[in-house]
Amino acid sequence: MRVQVAIIGAGPAGLILGQLLHKAGIDAVIVEMHSPDYVLHRIRAGVLEQVAVDLLDAAGVGARMHAEGLVHQGFDLLIDGVRRRIDLHGLTGGKQVMVYGQTELTKDLMDARRSAGLLTIYEASAVSVHDFDTDRPRVRYSKGHVSHEIECDFIAGCDGFHGVCRASVPQNAISNFERVYPFGWLGLLADTPPVSDELIYVRHPRGFALCSMRSHTRSRYYLQCPLTDKVEQWSDEKFWDELRRRLDPQTAESLVTGPSIEKSIAPLRSFVAEPLRFGRLFLAGDAAHIVPPTGAKGLNLAASDVRYLSRALIEFYTGNTEGIDRYSERCLRRIWKAERFSWWMTMLLHRFPDTNPFDQKALEAELDYVVNSVAGRTTLAENYVGLPFND
Ligand code: RFL
Ligand code: PHB
């Protein structure tokens, strides 16, 4: 098979890129190791920045998101038992975010791909990338014990943190920057009405908690937990009890509990690989960087990478190589700001087992400043809704 662009991975990055390229008349195939069902049922992100919403509109997949997504103009911080609203809309000159589950977004993108008759090869095994230092890169994979080869102009590595693309780059050509956190997030999804109309980020001596949602009837909650915890140790009852303990009495009182639909533990990590381009191989999304979910930036960064990448590839086919030459630098400027913000939110709101008492006091003072100064709240708000593009 020969295509212009071979995309590895059918997560949000790969699917959005596929849609944007299709709109521009560029021929692309997606190669994904898992089944459509598996990809559709990974419960992950919930908050989209305006730039991600705009991109999904540009890709022609925004209709259901606008009909069913929830526009949020603020969120609450619950610190030392006191709830304080961060007025995103007021602090940023009218910006807001969209609460719409990654599963729904993935479904919309898959449906659009299917109805346009675009090829996605699911359940591909032994995927490998070759010759990306030439202008004839290749992708090999097996399906049903038969080996296949795709010849292309470019490979887009949208295959997530554990993917094959970043791992195929020569070690001496790439630098990795990483920080791992000594805790995870235990997430629970339930068909119960959300405890509040807006998200609540909770800092508590027992650990961080987050009250989020997917709709008016479906809630998503998270608890900071030790990395050694196993999901099986957390009955639904234990989860709800612990969440109530981390909330203020009034919020705890209004919490509606019910059986979980899903429960999982995710470790927290900050990671950036540099650069993002290796000849004709480009990394995008979680393949290139990971943020702890505290700032709700992972999916949004994946969207902003593929915005740059789609534009770069479209420009290339009109004879201009500036976009592909500057892809890495443009993405990294935005990535590092989101990395900094996600790290900062994580430091401020979580309980670190080994923080010394001075650092602890300094963090508390910083949080006090952020919440009680307009400048502090504005910094938080403008990063949360998403920084503007610099191009
Ligand atoms: P994905 O979604 O991991 O997709 C990569 C795809 O590549 C496939 N793959 C391969 N395919 C072929 N060959 C191989 N060798 C392959 N190896 C892997 C995989 O099967 C998969 O289908 O990466 P992508 O597209 O870059 O998207 C990134 C986002 O999924 C991720 O950043 C977000 O979910 C992060 N995130 C959040 N982001 C937000 O913007 N807002 C949020 O509110 C938010 N909340 C979250 C989150 C992530 C979480 N977890 C579970 C880490 C909450 C949580 C709990
Ligand atoms: C979610 O709803 O899954 C969610 C929301 C906000 C975050 C992280 C996760 O910061």
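As the structure lists them, so they are numbered: ligands from 1, and atoms in each ligand from 1. Computed from a predicted structure; not experimentally measured. We number each residue from 1, following the sequence as shown.
Under 4.0 Å from ligand 2, the heavy atoms of Leu210 that appear belong solely to its side chain. By the criterion of a heavy-atom distance under 4.0 Å, both the backbone and the side chain of Pro12 are placed next to ligand 1. Using a 4.0 Å cut-off between heavy atoms, Ser212 contacts ligand 2 through its side chain alone, with no backbone atom that close. Residue contacts with ligand 2, taken as heavy atom pairs separated by less than 4.0 Å, involve Arg44 solely via the backbone atoms N, CA, C and O. Contact annotation: for Trp185 versus ligand 2, heavy atoms closer than 4.0 Å belong to the side chain alone.
Look at Arg214 and you'll find a heavy atom under 4.0 Å from some atom of ligand 2. Ligand 1 lies within reach of Tyr222, whose nearest heavy atom is under 4.0 Å from it.
Of the listed residues (Arg42, Met33, His162, Gln102), the one carrying the non-hydrogen atom nearest atom 30 (O) of ligand 1 is Gln102. The residue among Arg44, Glu49, His34 with a heavy atom at the shortest distance from atom 2 (O) of ligand 1 is Arg44. Which of Thr294, Leu299, Leu301, Ile16 comes nearest to atom 38 (N) of ligand 1 through a heavy atom is settled by distance: it is Leu299. For atom 28 (C) of ligand 1, the nearest non-hydrogen atom from the set Asp305, Ile290, Asp286 belongs to Asp286.
No close placement of the Phe177 and Phe271 rings is indicated, their centers lying 6.0 Å or farther apart. Ring pair Phe278/Phe132: centre-to-centre distance not below 6.0 Å. For Phe208 and Phe183, the distance between ring centers is not under 6.0 angstrom.
Residue, atom and distance of the protein heavy atom nearest to atom 6 (C) of ligand 2 are Tyr201 OH, 3.3 Å. If you check which protein heavy atom lies closest to atom 8 (C) of ligand 2, you get Pro293 O, 3.3 Å. The protein non-hydrogen atom at the shortest distance from atom 3 (O) of ligand 2 is Tyr222 OH, 2.6 Å. Atom 36 (N) of ligand 1 has Ala45 CB, 3.7 Å as its closest protein atom, hydrogens excluded (heavy atom only).
For ligand 1 and Val31, the ligand atoms under 4.0 Å from any heavy atom of the residue are 11 (N), 12 (C). Shown in contact with Gly11 at under 4.0 Å from a heavy atom are these atoms of ligand 1, numbered in order with element: 2 (O), 4 (O), 6 (C), 22 (O), 25 (O). Of all atoms in ligand 1, listed by their number and element, those nearer than 4.0 Å to a heavy atom of Gly285 are 26 (O). Within ligand 1, counting atoms from 1 as listed, the ones closer than 4.0 Å to a heavy atom of Cys158 are 5 (C), 6 (C), 7 (O). Near Val164, with a cut-off below 4.0 Å to any heavy atom, the atoms of ligand 1 are 15 (N). Close approach of ligand 1 to Ile8 is summarised as follows: ligand atoms under 4.0 Å from at least one heavy atom of the residue are 12 (C), 13 (N).
Tyr384 carries Lys297 over the face of its six-membered ring, with the cationic atom under 6.0 Å from the centre and within 45° of the normal. Within the cation-pi definition used here (under 6.0 Å to the ring centroid, within 45° of the axis), Arg333 does not qualify as a partner of Trp336. Both the sub-6.0 Å distance and the 45° axial angle are not jointly satisfied by Arg330 relative to the ring of Tyr308. Judged by the 6.0 Å distance and 45° axis criteria, Arg85 is not positioned over the aromatic ring of Phe75.
Look at Glu262 and Arg42 and you find no salt bridge, because none of the NZ, NE, NH1 or NH2 atoms lies under 4.0 Å from a carboxylate O. With respect to the salt-bridge test (charged N to carboxylate O, under 4.0 angstrom), the residues Glu364 and Arg203 qualify.
Distance CZ/Arg166 to CG/Leu281: 11.5 Å, rounded to 0.5 Å. With rounding to the nearest 0.5 angstrom, the CG atom of Asn383 is 11.5 Å from the OG1 atom of Thr92.
Note: the hydrophobic cluster containing Leu105 also contains Val51 (ILVMFWY, side chain heavy atoms under 4.5 Å, direct or indirect links).
Of the polar atoms of Ala13, at least one N or O is found under 3.5 Å from an N or O of ligand 1, judged by distance alone.
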